[in-house]
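Proteins come first, then strands; the chains are lettered A, B, ... in the order of their sequence lines, and each starts at number 1. When reading the values below, keep in mind they use all heavy atoms of this one structure, side chains included, and skip hydrogens, waters and symmetry mates.
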There are 2 protein chains.
Amino acid sequence: MPKPRLQKADTHARIVDIAAKRFRERGIHEISLADLMSEAGLTVGGFYKHFSSRDELVVEAFVASCQDAVSWSRGVSSYQQAVTEYLAENHRDHPETGCAVAALVGDVKSESHSVRAAYTREVRRNLEFFSSLAPADGALAKRQAGMFIFSACIGALELSRSIDDPKLSRDILRAVRKLLVDETPARRSLKRQKRRRASA
Amino acid sequence: MPKPRLQKADTHARIVDIAAKRFRERGIHEISLADLMSEAGLTVGGFYKHFSSRDELVVEAFVASCQDAVSWSRGVSSYQQAVTEYLAENHRDHPETGCAVAALVGDVKSESHSVRAAYTREVRRNLEFFSSLAPADGALAKRQAGMFIFSACIGALELSRSIDDPKLSRDILRAVRKLLVDETPARRSLKRQKRRRASA
DNA sequence: ATTATCTATAGATCTATAGATAATGC
DNA sequence: ATTATCTATAGATCTATAGATAATGC
């Protein structure tokens, strides 16, 4: 039963949004176009009136995923909040609305040039975000701290998602959260100062 | 042209070794049984005389991959050496002989119970290895430091492999290497002591 | 005769295309 | 008449199975 005049652009966006969720949730190749179209209430046949290829959808869906990260970062005002929320069990359990860089970190290796380019842009945006919040002095130190923090976050989140032991999964998130928040150079020197002031 | 009596066990091991390489290199589902058998100089038909299913090969290949990590860790005697070699460009460029936990961190989410169980065992073994070398005092601190270090290493390695900018890729490896080796709690307090001694 | 491997193929996907269909808007 | 979507299908995989074949070892 065709339903014309119901805004083609809306349908297009709906397909992209669904793909953006499912790709992060299950991986780019673990879901078929038929499944995605069906979730949108459509059939496979119509797909190529919206996209010239599967790859085109992958790129659009990835870019759409990044919007979730942009919205999230707007609500984050401190380094501690960023790390705590990124490494929360809630984020681990909901890859479909979470960080696309983490969710697709293994997948993109075998993707097209366009996908990898979009991915690299998003990595760079994330590094800038974490650098801007990083407790470090000077542009270079901030940049390096951003790379360090983002790497630790991605590694911990993906490890916690991949193992099948819930306790170990939680322990990894907690340990990395703790060491990132407590044991960062600037924070440590802050603590030292407090200790000194207290003992004086 | 069949070649009987040439040790079935040898052929079996050869298939497993090839799979162990290709799965790490390209991902578990980006390579077909036909391709693997062909690289072993065989045809697909014979596959099921060696394995009851594709999944069985995935498990055996994963376990075989872990041997590379065990051999590697035997030659590692210090924390600094572990981090430096793990985050080397050479490791980044040769996933086929490198850490299977990193190479398959995204892939295992959609794999069978057996694969995920083997993966979890290997994560645990790696955590123990990094914990044993970690510059931290006390069993708990060592355990947490191991999780922290391994997460940062996996995140940095996989990010460096996924992006398409060689310079950024190298910068990430370098920054994480530097901050892990220089800025670890125990090392920092060591440095502080040296500074104090020098100024005294 | 046994056994490892081969050829051939069934059955299940999945991407992509061709042409039909039905609701809107002139 | 136009246009968005549908049904149907071609062509390319990929896993798994059935039965044939050829080299060894009795």
Side-chain angles (χ1 to χ4, degrees), chain A residues 1-23 25-62 104 107-108 110-115, chain B residues 1-23 25-62 104 107-108 110-115:
Chain A
M1 305 112 191
K3 289 199 259 164
R5 217 51 15 127
L6 266 179
Q7 306 308 5
K8 191 176 178 188
D10 281 8
T11 306
H12 185 99
R14 191 151 36 93
I15 299 168
V16 171
D17 284 349
I18 290 167
K21 280 188 188 167
R22 299 298 156 250
F23 287 161
E25 183 179 71
R26 309 187 26 191
I28 292 175
H29 287 286
E30 313 306 311
I31 189 116
S32 71
L33 298 182
D35 286 342
L36 293 172
M37 293 299 276
S38 146
E39 189 176 339
L42 304 166
T43 58
V44 230
F47 181 83
Y48 292 87
K49 293 292 172 351
H50 288 284
F51 308 93
S52 71
S53 68
R54 186 186 211 283
D55 185 63
E56 196 172 294
L57 172 64
V58 175
V59 174
E60 285 194 39
F62 178 79
L104 304 177
D107 282 32
V108 289
S110 52
E111 292 299 317
S112 72
H113 173 69
S114 329
V115 175
Chain B
M1 305 111 188
K3 290 199 256 162
R5 219 46 20 123
L6 265 181
Q7 306 310 0
K8 190 177 177 188
D10 281 8
T11 307
H12 185 99
R14 192 152 34 93
I15 299 168
V16 171
D17 284 349
I18 289 167
K21 280 187 188 166
R22 298 297 155 252
F23 287 160
E25 183 180 70
R26 307 189 25 195
I28 293 176
H29 287 285
E30 312 305 311
I31 189 116
S32 72
L33 298 182
D35 285 343
L36 292 172
M37 292 300 277
S38 148
E39 188 176 339
L42 304 165
T43 57
V44 230
F47 181 83
Y48 293 88
K49 294 290 173 353
H50 287 283
F51 308 92
S52 71
S53 66
R54 186 187 212 282
D55 185 63
E56 195 171 294
L57 172 64
V58 175
V59 174
E60 284 194 40
F62 178 79
L104 304 177
D107 281 31
V108 289
S110 52
E111 292 299 318
S112 72
H113 173 69
S114 329
V115 176

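As rounded to whole Å, 14 Å separates atom P of D:dA4 from atom CZ of A:F51. Distance A:R14 CZ to D:dT5 C1': 12 Å, rounded to the nearest Å. Between the C1' atom of D:dC6 and the CG atom of A:L42 lies a distance of 10 Å, rounded to the nearest Å. If you take CD of A:E56 and P of C:dA16, they are 11 Å apart, rounded to a whole angstrom. B:L57 has its CG atom 14 Å from the C1' atom of D:dA16, to the nearest Å. Between the CZ atom of A:F47 and the P atom of D:dT7 there is a distance of 18 Å, given to the nearest Å. Taking atom NE2 of residue B:H29 and atom C1' of nucleotide C:dC14, one finds them 15 Å apart after rounding to whole Å. Rounded to whole Å, atom P of C:dA4 lies 12 Å from atom CG of B:D10.
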- Message: Under the criterion side-chain contact (heavy atoms from CB on, under 4.5 Å), I'd like the reasoning laid out for A:K21 against A:I18: C-alpha separation, chi angles, the key distance, then a yes or no.
- Response: CA-CA 5 Å; A:K21 280 188 188 167; A:I18 290 167; 5.9 Å; no
- Message: side-chain contact (heavy atoms from CB on, under 4.5 Å), that's the test. Do A:V16 and A:F51 meet it? Break it down for me.
- Response: CA-CA 10 Å; A:V16 171; A:F51 308 93; 3.8 Å; yes
- Task: Take A:L104 and A:V115 through the side-chain contact (heavy atoms from CB on, under 4.5 Å) test and state the conclusion after the steps.
- Result: CA-CA 11 Å; A:L104 304 177; A:V115 175; over 6 Å; no
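Nearer the 5' end of DNA chain C, as judged by each residue's closest nucleotide, is the contact made by B:K49, out of B:K49 and A:L33. Along DNA chain C, the nucleotide nearest B:M37 and the nucleotide nearest A:S52 are compared for position; the residue whose nucleotide lies closer to the 5' end is B:M37.
A close approach under 4.0 Å does not occur between any side-chain nitrogen or oxygen of A:S32 and OP1 or OP2 of C:dT13. For A:Y48, no side-chain nitrogen or oxygen approaches OP1 or OP2 of C:dT17 to under 4.0 Å. Within the 4.0 Å cut-off from OP1 or OP2 of D:dT5, at least one side-chain nitrogen or oxygen of A:T11 is found.
Contact annotation for A:T43: base contact, defined as any heavy-atom pair under 4.0 Å involving a base atom. Nucleic acid contact class of A:H50 (heavy atoms, under 4.0 Å, all strands): sugar-phosphate only.
Pairing partner, C:dA23: D:dT2, with both Watson-Crick or wobble hydrogen-bond distances short of 3.5 Å. The base-pairing partner of C:dA18, taking Watson-Crick or G-U wobble contacts with both distances under 3.5 Å, is D:dT7.
Rounded to the nearest 0.5 angstrom, A:F47 CZ and A:E56 CD are separated by 8.0 Å.
Taking 4.5 Å as the limit, some side-chain heavy atom of A:R54 sits within range of a side-chain heavy atom of A:H29.
Comparing atom distances between the A:R54 side chain and each of C:dT5, C:dT15, D:dC6 picks out C:dT15 as nearest.
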